[in-house]
Colleague: 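Here's a structure for you.
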Amino acid sequence: MSGSVRFSGVQVGDSIPELVLPPIERLQLALFAGASGDHNPIHVDEDKARGGGLPGVIAHGMLNMAVLGRLLTNWVPQRALRGFGARFSAMAFPGDVVTCRGQITNKTEAAGEKLVELALTAENQKGDKLLVGTATVALPE
Amino acid sequence: MLGSELVGKEYEPFTFEVEKGRIRMFAHAIGETNPIYYDEAAARDAGYRSLPAPPTFPFTITMESRQPFLPIEELGVDITRSMHGEQSFTYHSDICAGDVITGRQKIVDIFEKKGGALLFIIVDTRLDNQDGRHVADLRMSIVVRNG
């Protein structure tokens with residue numbers, strides 16, 4: 001983690017360091033079910049997932065979003081986060097390799113803070129966007 | 001339209017105790033490796049009272065009290081026809097292990113799209129800590145496939 005990102009050192013259009021995740025494993029889905037409190041069986045039970053018309057278990061949307069959050073907290077301290085949002089646009093499956101990216105879209109100032117806004121994506125190995133999001137981060141001058 | 005009378009409805013406040021073990025489990029499950037999410041000394045060195053809750057952990061706070069399910073159940077909607085469409089967080093202050101968080105959930109909008117094929121339920125939740133400090137706000141969009 002870097003505490004050294006400064007408002008004066010970033011420009012609109014800059015990309016932040018991307019985050020490439022290891023392939024999604026069923027074990028991780030089981031761990032996240034317990035840790036997150038989302039016990040929907042479509043994330044851990046192949047029979048129930050198929051019974052619901054899916055090709056198999058899918059990753060929790062909030063797991064994908066949590067990983068996208070790591071893109072941000074790898075870049076700045078968590079305390080710098082002011083806002084973070086995402087739209088869930090595609091499903092992720094075991095074996096998928098998710099890549100998270102962020103790009104600065106605006107620099108602004110509010111309530112005495114220097115803020116940067118980012119556009120975020122999480123994509124699978126085929127380039128399908130799993131998440132499209134935004135974040136607002138406060139930076140030192 | 002289904003549910004329009006529920007717009008503005010506020011649910012009973014709920015509470016959630018943020019436990020160290022739960023933060024460690026959550027951090028591990030999302031592949032987080034930063035020691036501030038596991039080790040109290042590292043968290044304190046970084047200026048936190050204790051292990052900080054990761055950015056999307058506030059959703060788990062609402063999930064543990066089954067808050068996201070309440071509007072769906074109240075509308076009588078089949079859970080398998082509903083999806084989490086969007087989620088956002090606004091952060092005002094740290095949430096750390098040891099905190100006791102009180103949440104207040106409210107339905108802020110219900111509307112249709114695509115000629116009624118999709119129903120959107122927009123739900124806001126405010127989180128305050130044990131000192132009465134406003135720590136975070138959440139906005140959830142649930143999408144229900146009609147027909």
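Here is the naming used below: chain letters follow the sequence lines, and residue numbers restart at 1 for every chain.
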Colleague: Atom CG in L31(A), atom CZ in F26(B): separation rounded to 0.5 Å?
Modeller: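 Rounded to the nearest 0.5 Å, the CG-CZ separation comes out at 12.0 Å.
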Colleague: Give me the atom names and distance for the closest heavy-atom approach of I30(B) to A66(A).
Modeller: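 Of all heavy-atom pairs spanning I30(B) and A66(A), the closest is CG2-CB, 3.5 Å.
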Colleague: Top residue by heavy-atom pair count (under 4.5 Å) with chain B, among G83(A), S89(A), A35(A)?
Modeller: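 Between G83(A), S89(A), A35(A), the count favours A35(A).
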Colleague: In the single-linkage hydrophobic clustering (I, L, V, M, F, W, Y; side-chain heavy atoms under 4.5 Å), do F16(B) and L127(B) co-cluster?
Modeller: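 Yes: a chain of side-chain contacts under 4.5 Å links F16(B) to L127(B).
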Colleague: In Å, rounded to the nearest 0.5 Å, how long is the span from CZ of F32(A) to CE of M25(B)?
Modeller: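 One gets 10.5 Å once the value is rounded to the nearest 0.5 Å.
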Colleague: Are M63(B) and I58(A) co-members of a hydrophobic cluster defined by side-chain heavy atoms under 4.5 Å apart?
Modeller: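 Result: no, two separate clusters.
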Colleague: What part of Y37(B) lies closer than 4.5 angstrom to a heavy atom of chain A: side chain, backbone, both or neither?
Modeller: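 Interface part for Y37(B): side chain.
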Colleague: So which residue, P54(B), S141(B), P68(B), A136(B), ends up with the most heavy-atom pairs under 4.5 Å with chain A?
Modeller: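 Max contact count across the listed options: P54(B).
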Colleague: Atom CE of M62(A) and atom OG1 of T60(B): how far apart are they, to the nearest 0.5 Å?
Modeller: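 With rounding to 0.5 Å, CE (M62(A)) is 7.0 Å from OG1 (T60(B)).
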Colleague: Could you check whether any side-chain heavy atom of F59(B) comes within less than 4.5 Å of a side-chain heavy atom of D38(A), counting everything from C-beta outward?
Modeller: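 A side-chain contact is absent here, since even the closest heavy-atom pair is not under 4.5 Å.
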Colleague: Of the non-hydrogen atoms in G34(A) and R22(B), which two are nearest, and what is the gap between them?
Modeller: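 For G34(A) and R22(B), the tightest heavy-atom pair comes out as O-NH2, 3.6 Å.
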Colleague: Surrounding NE2 of H28(B) (heavy atoms of other residues, nucleotides or ligands, distance under 6.0 Å), is the total greater than 12?
Modeller: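 Open: at most 12 neighbouring heavy atoms sit under 6.0 Å from NE2 of H28(B).
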Colleague: Does K106(B), at its NZ atom, have more than 12 non-hydrogen atoms belonging to other residues, nucleotides or ligands within less than 6.0 Å?
Modeller: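 No.
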Colleague: Any link between L118(B) and F111(B) through a network of hydrophobic side chains (Ile, Leu, Val, Met, Phe, Trp, Tyr) touching at under 4.5 Å?
Modeller: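 Yes, L118(B) connects to F111(B) through the hydrophobic network.
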Colleague: What's the separation between atom CZ in R66(B) and atom NE2 in H39(A), rounded to the nearest 0.5 Å?
Modeller: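 Rounded to the nearest 0.5 Å, the CZ-NE2 separation comes out at 11.0 Å.
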Colleague: Are F93(A) and V57(A) connected in a single hydrophobic cluster, I mean Ile/Leu/Val/Met/Phe/Trp/Tyr linked by side-chain heavy atoms less than 4.5 Å apart?
Modeller: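 Different hydrophobic clusters.
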Colleague: Around E12(B), counting heavy atoms of other residues, nucleotides and ligands shown, do more than 12 lie under 6.0 Å from its CD?
Modeller: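 Counting other residues, nucleotides and ligands, CD of E12(B) stays at 12 neighbours or fewer.
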Colleague: If I take atom CD from residue Q78(A) and atom CG from residue N34(B), how far apart are they, to the nearest 0.5 angstrom?
Modeller: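 Going from the CD atom of Q78(A) to the CG atom of N34(B) covers 9.0 Å.
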Colleague: What do the steps show when you test F88(A) against Q87(B) for side chain to side chain contact (heavy atoms under 4.5 Å, CB included), and what is the final call?
Modeller: CA-CA 8 Å; F88(A) 302 98; Q87(B) 181 64 47; 3.9 Å; yes
Colleague: How many angstroms lie between CE in M83(B) and CE in M91(A), if you round to the nearest 0.5 Å?
Modeller: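 Going from the CE atom of M83(B) to the CE atom of M91(A) covers 9.5 Å.
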Colleague: Checking heavy atoms, do the side chain of L81(A), its backbone, both or neither come under 4.5 Å from chain B?
Modeller: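 Answer is both: backbone and side chain atoms of L81(A) are under 4.5 Å from chain B.
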Colleague: Looking only at heavy atoms, which two atoms of P55(B) and F84(A) are closest? And how far apart?
Modeller: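 In terms of heavy atoms, the two residues are closest at CB-CD2, 4.4 Å.
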Colleague: Would you say NZ of K9(B) has more than 12 non-hydrogen atoms from neighbouring residues, nucleotides or ligands within 6.0 angstrom?
Modeller: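 Atom NZ in K9(B) is crowded, with more than 12 foreign heavy atoms closer than 6.0 Å.
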Colleague: Under 4.5 Å, counting heavy-atom pairs only, tell me which of A27(B), G47(B), P52(B), G21(B) racks up the most with chain A.
Modeller: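 Maximum pair count with chain A is reached by G47(B).
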Colleague: Under a 4.5 Å cut-off applied to non-hydrogen side-chain atoms, are E32(B) and T73(A) in contact?
Modeller: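 Yes, at least one pair of side-chain atoms sits under 4.5 Å.
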Colleague: Tell me, do Y48(B) and R79(A) make a side-chain contact under 4.5 Å, heavy atoms counted?
Modeller: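 They are in side-chain contact.
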Colleague: Can you tell me if CZ on R133(B) sees more than 12 non-hydrogen neighbours from other groups inside 6.0 Å?
Modeller: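 Open.
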Colleague: Check this for me: E73(B), atom CD, are more than 12 non-hydrogen atoms of other residues, nucleotides or ligands nearer than 6.0 Å?
Modeller: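 Counting neighbours around CD of E73(B), more than 12 heavy atoms of other residues, nucleotides or ligands fall under 6.0 Å, so yes.
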Colleague: Which atoms of H92(B) come close to chain A, meaning under 4.5 Å heavy atom to heavy atom: side chain ones, backbone ones, both, or neither?
Modeller: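 H92(B) has no heavy atom closer than 4.5 Å to chain A.
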Colleague: Find out if a path of hydrophobic residues (ILVMFWY) with successive side-chain heavy-atom gaps under 4.5 Å connects L75(B) to Y11(B).
Modeller: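 As far as the 4.5 Å side-chain criterion goes, Y11(B) and L75(B) are connected within one cluster.
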